[in-house]
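Chain A is the first sequence line, chain B the second, and so forth, proteins listed ahead of strands; every chain is numbered from 1.
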There are 2 protein chains.
Amino acid sequence: MKKIEVKKGQILQRKGDLSSRKYSVEKGLLRSYTIDEKGKEHLFMFAPEGWIIADASSVNGPTDLFIEALENSIILVLDEGVQFTESDTIRLIKRIAVLQKRAIMLMSASAIERYDDFLKTYPDIVQRVPQKMIASYLGITPEALSKVKSAKTKGL
Amino acid sequence: MKKIEVKKGQILQRKGDLSSRKYSVEKGLLRSYTIDEKGKEHLFMFAPEGWIIADASSVNGPTDLFIEALENSIILVLDEGVQFTESDTIRLIKRIAVLQKRAIMLMSASAIERYDDFLKTYPDIVQRVPQKMIASYLGITPEALSKVKSAKTKGL
DNA sequence: GGCCTTTCTTAACCTAGATTAATGCACAAG
DNA sequence: CTTGTGCATTAATCTAGGTTAAGAAAGGCC
């Protein structure tokens, strides 16, 4: 468990890596994402200050996700495989709850609803990341996100 | 931790319940699903023999999911809040990995790809549940699923 | 400053899947 | 046996979001 400083654009984990760590963000911003067979990027989560980011898929073999710094950041690197505490377990269950909600969201909600949910989940991220990453998080194209935003401002 | 027998159609947990249990399926088939504000059902997961089904959202308050028996089933009811073992934790992480994959799937894959993934995930469920539930699991309408299937058989 | 690359927006079109509606089935209830 | 009632399929139409393309704005970098 050590503290490290990473620069914007630096990649902490690549898809296919055989081991994986957890990263606790003290300052800055990370993201995790994957790239599918068609070469398309899909942003899985943002991790601003106070968040922990990891790739659970590593329990079953090689990792699925890239983890990258979107800003110069200071992060705590936590070793995998360490004994789990009770509070870790609760955090895991909460993470499952969040993912459960996200999956249901992706199944049922429109792009506008998902954008509103994004704004609620990450209130201060909108200004800090490129639109195309938000679009990727929402599972839509940047063009569609532009539409959504202009529809929202017109609707006021 | 007790063993119970439930009949087809019986509901073990309702959305909004304040506490929640884990159910380990010995025989039969359960499903979990939610109903959105528009009254639409979204099937979250199936749990055939050997699977465990639960609703993680209960850690943050009332439950989001219904849990229902799709067949007459024999299930083990596990109490929530019991001390977690190391293997529980690993199971949780695997669950996160599955959900992570599901979310990425929903973000990126077409209906056909999701159907193929469903067939791989639940090889022996297709014959046991109504088509409309499979459609709901895939996040599409029963009509669209019919199209997908006829497209697949034509394509042979 | 100017230049190049990347990002964002707008607009015209296209397609996967939703909606609506009609038909045919299965099976449960009388 | 007949009469529902819910389920699956097909077809016609509609729409949210994808694709393509082109111009405008915003950074790095020399």
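Relative to the ring axis of A:Y137, A:R31 does not place its NZ or CZ within 45° and under 6.0 Å from the centre.
The side chain of B:A144 has C:dG17 as its nearest neighbour among C:dT20, C:dT9, C:dG17. Comparing atom distances between the B:S146 side chain and each of C:dG17, D:dT9, C:dC8 picks out D:dT9 as nearest. Listed candidates were C:dT7, C:dT10, C:dG17. Nearest to the side chain of B:A111 is C:dG17. In the set C:dT7, D:dG18, D:dA8, the nucleotide with an atom closest to the side chain of A:I140 is D:dG18.
When rounded to the nearest whole Å, the span between NZ of A:K8 and P of D:dG27 equals 9 Å. One atom, CD of B:Q127, and another, P of D:dA8, lie 14 Å apart when rounded to the nearest Å. Distance CG (B:L138) to P (D:dA8): 13 Å, rounded to an integer number of Å. Per the geometry, NZ belonging to A:K132 stands 15 Å off P belonging to C:dT5, to the nearest Å. At whole-Å resolution of the value, CD1 in A:I112 and P in D:dT15 are 15 Å apart. Per the geometry, CG belonging to A:L145 stands 14 Å off C1' belonging to C:dT10, to the nearest Å. If you take NZ of B:K149 and P of C:dG17, they are 16 Å apart, rounded to a whole angstrom. Regarding A:I134, its CD1 atom lies at a distance of 13 Å from the P atom of C:dT7, rounded to whole Å.
For D:dG18, its base sits under 3.5 Å from the side chain of A:K147 at one donor and acceptor pair at least.
The shortest distance between the side-chain N/O atoms of A:T141 and the OP1/OP2 oxygens of D:dG18 is below 4.0 Å.
Residue-level contact check: A:P130 touches the backbone only, with heavy atoms under 4.0 Å from sugar-phosphate atoms and none from bases. Counting any heavy atom pair closer than 4.0 Å across all strands shown, B:K40 reaches sugar-phosphate atoms only and no base atom.
Within 6.0 Å of CD on B:E5 lie no more than 12 heavy atoms contributed by other residues, nucleotides or ligands. Counting non-hydrogen atoms of neighbouring residues, nucleotides and ligands closer than 6.0 angstrom, the CZ atom of A:R14 reaches no more than 12 such neighbours.
B:V98 is not listed as a side-chain neighbour of B:M45, based on a closest heavy-atom distance of 4.5 Å or more.
Ring pair A:F118/A:Y122 is tilted by interplanar angle, where 30° to 60° counts as tilted.
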